[in-house]
Every structure is written in C-alpha cells, then in structure tokens.
Amino acid sequence: MIDLKALRDDPDVVRASQTARGDDPALVDALLAADEARRAVVSRADTLRGEQKAVSQSVRGATPEERPAVLEKAKALAEQVKEAEGAQAEADTGLRAAHLAVPNVIAGAPPGGVDDFIVLEQVGEVPSYDFPVRDHLDVGSILGAIDTERGAKVSGARFAFLTGPGALLELALVNLAMAQAVDAGFTPVIAPALVRPEAMEGTGFLGAHAAEVYKLENDDLYLVGTSEVPLAAYHSGEVLESVPRRYAGFSSCFRREAGSHGKDTRGIIRVHQFDKVEMFSYVGLADAAAEHQRLLEWEKEFLGKLELPFRVIDVAAGDLGSSAARKFDCEAWLPSQERWLELTSTSNCTDFQARRLNIRIRGEKGPVPAATLNGTLCAIGRTIAVLLEVHQRADGTVHVPLALRPYLSGQSELKPA
RNA sequence: GGUGGCGUGUCCGAGCGGCCGAAGGAGCACGCCUCGAAAGCGUGUGACGGUGCAAGCCGUCCGUGGGUUCAAAUCCCACCGCCACCGCCA
C-alpha cells in the first residue's frame with residue numbers, strides 16, 4: 001500500500017507512476033476521494049463516541065430522579081454511534097479497496113510495457129558451438145539427469161524428476177548459493193512452502209497473480225510461488241529494533257502457470273514445482289535503492305561463479321509487480337533457443353509491501369514502515385537447464401564450473417552414466 | 001482426532017461490568033549520587049487514526065471477529081494461536 005500522507009501532498013507523482021505503468025491514473029483520484037470520505041466519517045463518529053462516553057459516565061452519578069432521562073439520552077446516543085460506526089466501517093472498507101488497487105509508485109523504472117526494458121550491461125560473450133547444440137532436455141536425458149516423461153506420468157505435464165547427476169547438481173547449487181549468502185551475512189532459512197491467506201495477501205500475490213497460485217481448499221492454505229512470501233511475512237506485524245536484516249530462504253516453489261499454455265513446454269524451464277534460494281532484505285527506506293544494487297551484485301556474483309554469460313535488464317514499469325518500484329532481471333543465454341532467459345530477478349518494494357504486512361522499524365520519532373527487497377540467488381531448475389546447455393560438449397559431457405566442483409565431489413565434468 | 005488450561009503494554013504479571021491505556025515488577029532513557037561503574041534514589045517510557053503551525057486535544061486498541069449493555073480487558077458466541085495430557089503417526 002502506498003503512503004497516504006505522501007499521496008495527499010503530491011498526487012501527481014502517483015498519477016505519473018500510473019501512467020508509466022500503463023495503469024489507470026483515475027485510480028489515484030478514487031483513492032483520494034475514498035480517503036477524504038473516510039476522514040469525514042471518522043470525525044463524526046469520534047465526536048459522537050465522545051459524547052456518548054460522557055453521558056454514559058454520568059449514569060452512575062445521576063440521582064434516581066434524573067436517571068431515567070440520562071439513560072434515555074445515552075440510549076439514543078448509542079443508536080447514533082452504532083449508525084456512525086457502521087458508516088465508518090463502510091468507509092474503511094472502501095478506502096482499503098481503493099488503497100489496494102493502487103500499485104507501488106515506480107522509482108526509476110523505464111516507462112512502458114514488457115518490451116520497453118533497458119539493457120544495462122552484458123557480462124560475458126554469447127557462446128558459439130562448433131557442433132549442433134542440444135537443448136537441456138537432450139543433454140539431461142543423455143546424462144540421466146532429467147526425466148520429464150516419468151514426471152508427466154506421475155504428476156502430469158510440467159513436472160520432472162531430477163535424477164542422478166541432476167539431483168546432485170541441484171544440491172550442489174543450493175550449497176553454493178547458501179555458502180555465498182552466509183559469507184555475505186545472510187541468515188540461512190528453510191521456509192514453509194504452505195502459508196496462510198494473510199501471508200499470500202500481504203505480499204500481494206492474490207492480486208494480479210491470483211490465478212498463478214495453488215490453493216488447498218480443504219485447509220485454507222496456499223502453496224508459495226516463491227519464498228519471498230514466507231520471508232516477507234516472517235516479520236509481519238513486528239517492530240524491528242535493527243536493520244538491515246538479510247535472509248536467504250530455501251524452499252520449493254509452486255506455480256500453476258495458468259495462461260502460459262504452449263510456452264516453454266519442453267524440459268524444465270517452466271514447471272509447476274521447482275526449488276529456489278531467495279534473498280530477502282529488510283532495510284530502512286533511505287537505504288533501499290543501495291540495497292537493491294547490492295542484491296543485484298550478489299546475483300551477478302553467483303552467475304559469474306557458474307561461468308554463465310548473461311545480461312542485466314532494467315524492467316519497464318508496465319512489467320513490474322504491484323509491489324515493486326523497480327526491478328532488475330539477469331537473463332542468461334539459452335543456446336538452444338538463441339535467446340536470453342530470465343534466471344534471476346530482484347525487486348525493490350520500498351515500503352509498499354511492509355506497509356501492507358505492518359512491518360516497521362523502531363526510529364527516533366517512533367516506528368516507520370520498513371523497506372523490503374527480494375532477489376533470486378538461484379532458481380534451481382532453470383539454472384540447471386542453462387548450465388547443461390551452455391556448458392555442453394559435443395560428446396554429451398558437460399563442463400562443471402570451478403566454483404561448483406567442491407560441491408560435486410570435485411568432478412570437472414558430468415558424464416553419461 | 002479427544003479432553004483440559006491459557007492468550008493483557010518491549011518482557012513478566014495483576015485486573016469487582018463504570019473512576020482502566022490499564023496496578024506492580026523487569027528492561028530501557030535521562031537525572032542525582034560516584035574518580036568511574038555497580039547498587040540506590042527520582043523522573044520518564046505503546047501504537048494507530050482525527051484535528052491543530054505547535055504544545056495539545058479527541059477517538060480507537062487488552063489474540064481476531066461478532067453479540068449483550070447506557071457502559072466490556074472484565075459477560076456470551078465463533079474463530080485463530082499457544083501449552084499440557086490421551087489417542088494416532090513418525
């Protein structure tokens with residue numbers, strides 16, 4: 001939720017943000033109106049409550065003769081208060097709805113839609129191969145690392161088994177990622193993958209992304225699509241005594257992939273279930289932009305260790321989630337399709353998400369909303385796919401990046417069994 | 001799954017239906033004392049909303065949501081969470 005006081009002071013900033021996102025600026029005026037309406041109603045209810053309270057108090061001190069009259073007055077006021085509180089509840093609901101409808105104010109993101117991103121840099125060269133490249137599923141099948149057929153048999157389309165070297169590769173990546181995170185001062189976390197509705201709502205995933213989310217009807221729980229959800233909700237309702245706080249969460253991630261039929265259907269680039277190591281930071285608002293850069297640097301560092309060529313893009317406003325003020329993606333080269341594929345993504349949610357989750361920091365003049373940021377350290381399935389493709393050799397073996405070897409019994413290459 | 005108990009401020013902990021935002025302690029901050037510190041003493045110490053330039057004033061908040069009442073932390077109902085024991089499963 002955006003800061004209402006800031007909105008009152010300068011609604012044009014928010015209107016401009018809406019326009020840059022390709023979203024409706026009228027939502028801003030609806031919010032302003034709802035805010036105004038609520039304040040009027042609150043004043044009225046406050047006054048009535050005050051009167052009623054006073055009259056109520058006087059019941060005790062009233063003489064037996066005046067008592068009936070006082071009671072009658074109190075009763076009448078109670079009626080009015082009830083009515084005023086009903087109006088207040090309605091106004092509150094209206095304000096909340098209008099409030100939730102307005103996404104975060106963008107901070108530096110280029111205006112426009114999905115294709116209007118800006119390439120900030122490219123690290124490494126696009127690789128070339130002097131043999132016909134196989135896609136990751138072919139490479140993975142030769143190695144006995146990926147089994148999508150049995151995945152489909154057991155669980156359906158977009159499910160896969162990671163087997164043998166594939167399974168070991170996953171564990172190696174997790175360990176490498178966690179080791180880097182711990183070195184950087186993150187607290188490692190194994191997070192729940194099932195969360196309550198409040199956690200899902202608070203992080204904003206029941207808005208535009210609602211169709212993407214698995215829900216367990218019988219238990220009123222949701223399967224998370226990213227550990228951002230439990231990591232953000234981790235401190236919900238709390239006042240933090242100190243920041244920064246950095247968590248590196250490992251969890252499985254579940255996505256329905258509704259609306260992506262026919263897209264990335266081969267292999268494990270887009271599946272319903274994968275594991276991920278996610279970075280999550282709580283910082284002061286003033287430090288948020290700097291933290292965002294740090295998260296990006298950690299992501300780049302990790303991709304560097306994997307010896308993968310990639311580029312960094314500044315995602316356009318229209319392609320940001322509702323909580324994000326700015327987002328950077330790292331896209332690795334996918335040889336089989338000769339295109340860039342999103343491997344990591346880091347978002348600065350400023351104080352938008354924290355306001356919704358009621359996460360504050362103890363400040364000089366009382367608590368203030370925290371700023372929250374998230375960034376992928378390693379989305380394992382996809383990373384495996386890219387690793388297998390980029391590091392493949394003509395004979396079907398796969399080069400193991402140096403940094404990964406300590407976690408793979410020192411192997412310098414993956415070989416078919 | 002069953003039974004019983006509990007849920008109050010940063011923490012512990014009291015709280016006859018009105019005088020309770022809430023006793024008492026601890027912690028923390030400041031001051032006194034001290035060469036300095038500890039101890040001791042004194043003072044202060046929640047959040048949110050409204051209003052005001054401000055000091056302030058008003059309202060709301062005792063797990064959450066309803067209800068009873070002129071009046072609810074206190075009574076009733078539902079839900080959530082925690083603890084204990086039993087059963088079941090690892």
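Lettering follows sequence order; numbering is per chain, from 1. No hydrogens, no waters, no symmetry mates; every other heavy atom, side chains included, goes into these values.
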What nucleic acid atoms does [X] come within less than 4.0 Å of, heavy atoms only: base, sugar-phosphate, or nothing?
{"X": "A:Lys73", "result": "nothing"}
{"X": "A:Glu241", "result": "nothing"}
{"X": "A:Arg362", "result": "nothing"}
{"X": "A:Arg8", "result": "sugar-phosphate"}

List in chain and number order the residues that pass ring pair (Phe, Tyr, Trp, His ring centres under 6.0 Å) with A:Phe352, two or more places apart in sequence or in another chain; answer none if no residue qualifies.
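Checked A:Phe352 against ring pair (Phe, Tyr, Trp, His ring centres under 6.0 Å); zero matches.
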Could you tell me the Watson-Crick or G-U partner of [N], where both distances fall under 3.5 Å? Say none if there is no partner.
{"N": "B:G42", "result": "B:C30"}
{"N": "B:A22", "result": "none"}
{"N": "B:U74", "result": "none"}
{"N": "B:G9", "result": "none"}
{"N": "B:G1", "result": "B:C86"}
{"N": "B:G49", "result": "B:C58"}
{"N": "B:C16", "result": "none"}
{"N": "B:U68", "result": "none"}

Is there a salt bridge (charged side-chain N to carboxylate O under 4.0 Å, His left out) between A:Glu79 and A:Lys75 once you walk through the steps?
CA-CA 6 Å; A:Glu79 261 322 291; A:Lys75 222 164 192 164; over 6 Å; no
Hey, is A:Asp12 close enough to A:Arg15 for a salt bridge, meaning N to O under 4.0 Å?
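Yes, charged N to carboxylate O under 4.0 Å.
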With a 4.0 Å cut-off, would you call A:Asp287 and A:Arg294 a salt bridge?
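Between A:Arg294 and A:Asp287 there is a salt bridge, with a charged N closer than 4.0 Å to a carboxylate O.
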For the CD atom on A:Glu36, are there more than 12 heavy atoms of other groups (residues, nucleotides or ligands in this structure) within a distance under 6.0 Å?
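It does not: A:Glu36 CD has 12 such atoms or fewer within range.
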Should the heavy atoms of other residues, nucleotides or ligands under 6.0 Å from OH of A:Tyr247 be counted, would the total exceed 12?
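More than 12 within 6.0 Å, yes.
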Quantified in whole Å, what is the [atom1] atom distance between nucleotide [N] and nucleotide [M]?
{"N": "B:G2", "M": "B:G59", "atom1": "P", "answer": "45 Å"}
{"N": "B:G4", "M": "B:C89", "atom1": "P", "answer": "24 Å"}
{"N": "B:A14", "M": "B:A26", "atom1": "C1'", "answer": "15 Å"}
{"N": "B:G81", "M": "B:U64", "atom1": "P", "answer": "15 Å"}
{"N": "B:C53", "M": "B:A47", "atom1": "C1'", "answer": "24 Å"}
{"N": "B:A72", "M": "B:C86", "atom1": "P", "answer": "43 Å"}
{"N": "B:G46", "M": "B:C62", "atom1": "C1'", "answer": "12 Å"}
{"N": "B:A23", "M": "B:G15", "atom1": "C1'", "answer": "8 Å"}

Opening and closing nucleotides of RNA chain B in contact with chain A, under 4.0 Å to non-hydrogen atoms
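Here the contact window of chain A covers B:G18 to B:G81.
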Kindly indicate, with the supporting measurements, whether the criterion salt bridge (charged side-chain N to carboxylate O under 4.0 Å, His left out) is fulfilled by A:Arg266 and A:Asp138.
CA-CA 10 Å; A:Arg266 201 175 141 77; A:Asp138 285 340; 2.9 Å; yes
Between A:Ala74 and A:Arg360, which has a closest nucleotide on RNA chain B that is more 5'?
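Upstream on the strand: A:Arg360.
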Hey, which of these two, A:Lys5 or A:Arg196, hits RNA chain B nearer its 5' end, going by closest nucleotide?
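Taking each residue's closest nucleotide, the earlier one in sequence belongs to A:Lys5.
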Show the nearest heavy-atom pair for residues A:Arg158 and A:Arg270, with the distance to one decimal.
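Of all heavy-atom pairs spanning A:Arg158 and A:Arg270, the closest is NH1-O, 3.0 Å.
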